[in-house]
Novice: 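Pasting in a structure now, in structure tokens, and then I'll have a few things to ask.
Side chains are part of it too, since the values below use all heavy atoms of this structure and drop only hydrogens, waters and symmetry mates. If you're wondering where the values come from, they're calculated on a predicted model, not measured in any experiment.
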Amino acid sequence: ELPGKTVSIYKSGDFTDLCKGPHIKSTKEINPKAFKLTKIAGAYWRGDEKNPMLTRIYGVAFSKEKQLKDYLELQKEVQKRDHRVLGERLNLFSINENIGPGLILWHPKGAVLKRTVENYALEQYLKNGYQLVATPHIAKIHLWEISGHTGFYKENMFPSMHLKEISREEKDDYQLKPMNCPFHILIYKSKIHSYRDLPLRYTELGTVYRYERSGTLHGLTRVRGFTQDDAHIWCAPEQLSEELDSTLKLALKILKTFGFKKYDIYLSTQPEKFVGSPKNWRKATNALIYALKQNKIDYKIDKGGGVFYGPKIDIKIKDSIGRAWQCTTLQVDFNLPERFKMTYVDKNGKKQQPIMIHRALLGSIERFIGVLIEHYAGAFPFWLAPEKIWIIPIGKNHIKYAK
């Protein structure tokens with residue numbers, strides 16, 4: 001029943017499973033002194049509610065008793081910090097089934113918190129030479145064909161709006177934007193640029209929409225509609241190292257201001273599906289490696305973790321209980337400038353192709369706020385708290401004075 005697909009079977013003793021594996025070779029490998037059954041849940045055979053209900057048993061196992069104890073203590077702390085519970089208790093946000101999963105309703109206090117985060121980030125970007133732009137939520141599908149999204153990112157995009165089927169006046173289908181980059185490129189292309197204009201930095205608090213599968217959605221940290229503190233930089237080859245260096249420094253400064261001082265950094269390399277030449281991918285990857293080495297940053301390789309148009313640096317911040325969260329992304333891109341035929345005029349009056357840097361330092365604002373809630377367990381620093389102070393009069397005689 002899985003036509004044209006490679007089927008993976010994994011076997012343990014008499015038990016055979018249709019899965020990728022690996023399972024342990026034997027249940028003997030589970031140390032009986034350090035395991036605990038944690039919960040049970042119902043599951044329909046083959047995911048069909050018409051089939052019998054099965055019981056799925058969850059458990060954890062460790063090689064030492066202390067590791068199990070530490071794990072269980074951590075889980076208690078995780079539950080205490082769950083941003084979905086705290087978000088409701090603090091009246092910050094909600095998700096309503098009448099709107100749809102993964103789409104956030106920001107309540108007054110949550111909207112103030114969101115605006116505080118956005119305002120600080122934007123203030124920093126404008127101080128560092130970025131120019132503010134704003135773009136629509138939809139575009140003709142042809143734009144996404146030029147960028148390569150329809151060929152390489154289609155499974156993550158919402159279905160097209162077939163407006164031409166509704167009205168004779170409409171000649172094109174439209175698409176909700178999954179990314180802001182093509183819009184920023186078209187703003188760049190609206191005029192001729194010379195080497196004197198570079199580096200050119202555009203930033204936008206742009207809301208994008210991605211079709212995340214409903215089973216993967218989780219509060220604020222995995223949603224279908226979210227705002228990015230997005231920016232794109234175009235520079236000449238000789239400016240690339242300096243731009244990557246300054247962008248990395250700005251990212252780490254902003255994360256530190258929000259209270260994140262520990263992080264893991266990954267270099268995400270070419271995925272299976274990609275646009276552009278292997279030569280461009282090598283150049284882009286080497287530029288990122290150079291920036292990391294210049295800043296003496298230790299990093300790990302995330303093989304195949306790049307986006308289809310370029311490799312990237314991912315910063316995973318660590319919260320107050322040591323969990324890593326993916327937020328900051330910094331990418332070098334030789335491919336979209338090529339696809340969109342972007343140019344600038346160099347010192348000799350000749351047209352050259354700029355190098356493009358994609359960067360979102362907080363990433364998804366929704367996700368970042370979800371992480372903030374869990375990091376601070378809802379008790380935000382004074383400057384972030386949507387309610388900073390209460391003045392409580394004792395008795396009616398003091399109401400006027402309190403006001």
Novice: Check whether any side-chain N or O of N128 sits under 3.5 Å from a backbone N or O of Q124 as a donor-acceptor pair, and report yes or no.
Specialist: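 Side chain of N128 to backbone of Q124, a donor-acceptor pair under 3.5 Å: yes, one is there.
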
Novice: Let's go through D172 and I141 carefully: what are the C-alpha distance in whole Å and the side-chain angles of both, what is the deciding distance for side-chain contact (heavy atoms from CB on, under 4.5 Å) to 0.1 Å, and is it a yes or a no?
Specialist: CA-CA 7 Å; D172 299 281; I141 200 162; over 6 Å; no

Novice: Between D314 and K316, does any NZ, NE, NH1 or NH2 come within less than 4.0 Å of an OD or OE carboxylate oxygen?
Specialist: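 Not counted as a salt bridge, because no side-chain N and carboxylate O are separated by less than 4.0 Å.
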
Novice: Please report the C-alpha distance between W234 and Y202 in whole Å, then the side-chain angles of each, then the deciding distance to 0.1 Å, and finally whether the ring-ring contact (aromatic ring centres under 6.0 Å, His included) criterion is met.
Specialist: CA-CA 9 Å; W234 294 275; Y202 289 159; 5.4 Å; yes

Novice: Could you check whether any side-chain heavy atom of L255 comes within less than 4.5 Å of a side-chain heavy atom of F368, counting everything from C-beta outward?
Specialist: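 Yes, at least one pair of side-chain atoms sits under 4.5 Å.
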
Novice: Would you mind checking if E123 and K127 are paired as a salt bridge, meaning a charged N to carboxylate O distance below 4.0 Å?
Specialist: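 Result for this pair is yes, salt bridge flagged.
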
Novice: Hey, what do you get for OG (S147) to CE (M179), rounding to the nearest 0.5 Å?
Specialist: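 Here the rounded value is 8.5 Å.
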
Novice: Should the pair K50-D48 be classified as a salt bridge under the 4.0 Å nitrogen-to-oxygen rule?
Specialist: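 Here K50 does not pair with D48 in a salt bridge, since their nearest N and O are not under 4.0 Å apart.
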
Novice: Here's a test for you: under side chain to side chain contact (heavy atoms under 4.5 Å, CB included), which of L176, V208, I104, L103 qualifies with R224?
Specialist: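 For R224, the side chain to side chain contact (heavy atoms under 4.5 Å, CB included) test succeeds with only one of L176, V208, I104, L103, which is L103.
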
Novice: Does a sphere of radius 6.0 Å around CD1 in I192 hold more than 12 heavy atoms from other residues, nucleotides or ligands, not counting ones at 6.0 Å or beyond?
Specialist: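 Open.
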
Novice: Should we say atom NZ of K300 is surrounded by more than 12 heavy atoms from elsewhere, each under 6.0 Å from it?
Specialist: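 For K300, atom NZ is not crowded (no more than 12 foreign heavy atoms under 6.0 Å).
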
Novice: Between H107 and S94, is there a side-chain donor-acceptor contact under 3.5 Å, judged purely by atom types and distance?
Specialist: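 Yes.
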
Novice: Heavy-atom distance under 4.5 Å between the side chains of H218 and H83, does that happen here?
Specialist: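 Yes, at least one pair of side-chain atoms sits under 4.5 Å.
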
Novice: Does any non-hydrogen side-chain atom of F226 lie less than 4.5 Å from one of L220?
Specialist: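 With C-beta onward as the side chain, the pair stays apart.
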
Novice: NE2 of H142: more than 12 outside heavy atoms within 6.0 angstrom?
Specialist: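 At most 12 heavy atoms, drawn from other residues, nucleotides or ligands, come within 6.0 Å of this atom.
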
Novice: Between E366 (side chain) and T227 (backbone), is there a donor-acceptor pair under 3.5 Å?
Specialist: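 Side chain of E366 to backbone of T227, a donor-acceptor pair under 3.5 Å: yes, one is there.
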
Novice: Are more than 12 heavy atoms, taken from residues, nucleotides or ligands other than K140, located less than 6.0 Å from that residue's NZ atom?
Specialist: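 No, not enclosed.
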
Novice: Classify the ring geometry of W383 against F258: parallel below 30°, tilted from 30° to 60°, perpendicular beyond 60°.
Specialist: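 The arrangement is tilted - the two ring planes meet at 30° to 60°.
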
Novice: Quick one: does L336's side chain get under 4.5 Å of H358's, heavy atoms only?
Specialist: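 Yes. Closest side-chain heavy atoms under 4.5 Å.
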
Novice: Would you say CG of L72 has more than 12 non-hydrogen atoms from neighbouring residues, nucleotides or ligands within 6.0 angstrom?
Specialist: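 Atom CG in L72 is crowded, with more than 12 foreign heavy atoms closer than 6.0 Å.
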
Novice: Does a side-chain heavy-atom distance below 4.5 Å link I313 with L244?
Specialist: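 No, side chains not in contact.
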
Novice: Counting only N and O atoms by type, is there a donor-acceptor contact under 3.5 Å from the side chain of R367 to the main-chain atoms of T221?
Specialist: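 The answer is yes, because a donor-acceptor pair under 3.5 Å joins these two groups.
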
Novice: Hey, are the side chains of Y344 and D197 touching, using non-hydrogen atoms and a 4.5 Å cut-off?
Specialist: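 In short, these two side chains do not touch, never coming nearer than 4.5 Å.
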
Novice: On the six-membered ring of F308, is K273 placed so that its NZ or CZ lies under 6.0 angstrom from the centre and within 45° of the ring axis?
Specialist: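 No cation-pi geometry.
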
Novice: So with a 6.0 Å cut-off around NZ of K347, is the heavy-atom count from everything else above 12?
Specialist: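 Check fails, neighbour count at 12 or below.
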
Novice: Give me the ring orientation class for H184 and H232: parallel if the planes are under 30° apart, tilted from 30 to 60°, perpendicular past 60°.
Specialist: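 Rings of H184 and H232: perpendicular, over 60°.
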
Novice: Can R339 be said to sit on top of F152's aromatic six-ring, NZ or CZ under 6.0 Å from centre and within 45° of the ring axis?
Specialist: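 No - R339 does not lie over the ring of F152 by the 6.0 Å and 45° rule.
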
Novice: Report the C-alpha distance between Y188 and F340 in whole Å, list the side-chain angles of each, state the deciding distance to 0.1 Å, and finish with yes or no for ring-ring contact (aromatic ring centres under 6.0 Å, His included).
Specialist: CA-CA 11 Å; Y188 177 100; F340 280 91; over 10 Å; no

Novice: Between K388 and A385 (side chain of the first, backbone of the second, donor and acceptor by atom type, cut-off under 3.5 Å), is there such a pair?
Specialist: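 Yes; at least one donor-acceptor contact below 3.5 Å.
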
Novice: Is it the case that atom CD in Q75 sees more than 12 heavy atoms from other parts of the structure closer than 6.0 Å?
Specialist: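 More than 12 within 6.0 Å, yes.
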
Novice: Carefully, step by step, assess Y174 and W144 under the rule ring-ring contact (aromatic ring centres under 6.0 Å, His included).
Specialist: CA-CA 10 Å; Y174 284 75; W144 309 108; over 10 Å; no

Novice: Quick one: CD1 on I391 to NE2 on H398, what's the gap to the nearest 0.5 Å?
Specialist: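 One gets 13.5 Å once the value is rounded to the nearest 0.5 Å.
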
Novice: Does H375 use its side chain to pair, donor to acceptor, with the backbone of S320 at less than 3.5 Å?
Specialist: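 Side chain of H375 to backbone of S320, a donor-acceptor pair under 3.5 Å: yes, one is there.
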
Novice: Charged N to carboxylate O below 4.0 Å: is that the case for D346 and K350?
Specialist: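 No, no charged N to carboxylate O under 4.0 Å.
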
Novice: Quick one, H149 and Q175 - any side-chain contact, counting heavy atoms below 4.5 Å?
Specialist: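 Of all side-chain heavy-atom pairs linking Q175 with H149, none is under 4.5 Å.
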
Novice: Under 3.5 Å, is there a donor-acceptor pair between the T135 and E204 side chains?
Specialist: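 Side-chain D/A pair, T135 to E204: present.
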
Novice: With side-chain contact (heavy atoms from CB on, under 4.5 Å) as the test, would you mind laying out the steps for T328 and I265 before giving the verdict?
Specialist: CA-CA 10 Å; T328 307; I265 296 185; over 6 Å; no

Novice: Can you check side-chain contact (heavy atoms from CB on, under 4.5 Å) on V117 and D229, steps first, answer last?
Specialist: CA-CA 10 Å; V117 170; D229 64 320; over 6 Å; no

Novice: Ignoring hydrogens and angles, tell me if any N or O in the side chain of R81 forms a donor-acceptor pair with the backbone of E374 under 3.5 Å.
Specialist: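 Checking the backbone N and O of E374 against the side chain of R81, a donor-acceptor pair under 3.5 Å is found.
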
Novice: Looking at E118 and K114, is there a salt bridge between them, counting it only when a charged N and a carboxylate O are closer than 4.0 Å?
Specialist: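 The answer is yes: the pair qualifies as a salt bridge.
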
Novice: If you round to the nearest 0.5 Å, how far is CG of L252 from CZ of F260?
Specialist: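 Answer rounded to 0.5 Å: 13.5 Å.
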
Novice: Are the side chain of T203 and the backbone of D230 linked by a donor-acceptor contact shorter than 3.5 Å?
Specialist: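 It does hold such a pair.
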
Novice: Within the distance-only criterion (no hydrogens, no angle test), does the side chain of W281 pair as donor or acceptor with the backbone N or O of F334 below 3.5 angstrom?
Specialist: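 No, W281 side chain to F334 backbone: no donor-acceptor pair under 3.5 Å.
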
Novice: Looking at side-chain heavy atoms only, is the closest gap between E242 and Q239 below 4.5 Å?
Specialist: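 Not touching, per the 4.5 Å side-chain cut-off.
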
Novice: Can you tell me if CD on E238 sees more than 12 non-hydrogen neighbours from other groups inside 6.0 Å?
Specialist: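 Enclosed.
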
Novice: Using 0.5 Å steps for rounding, measure from the CG atom of L250 to the CG atom of L330.
Specialist: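 Result: 10.5 Å between the selected atoms.
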
Novice: Are the side chain of S268 and the backbone N or O of P311 linked by a donor-acceptor pair below 3.5 Å?
Specialist: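 No; judged by distance alone, with no hydrogens or angles, the pair does not exist.
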
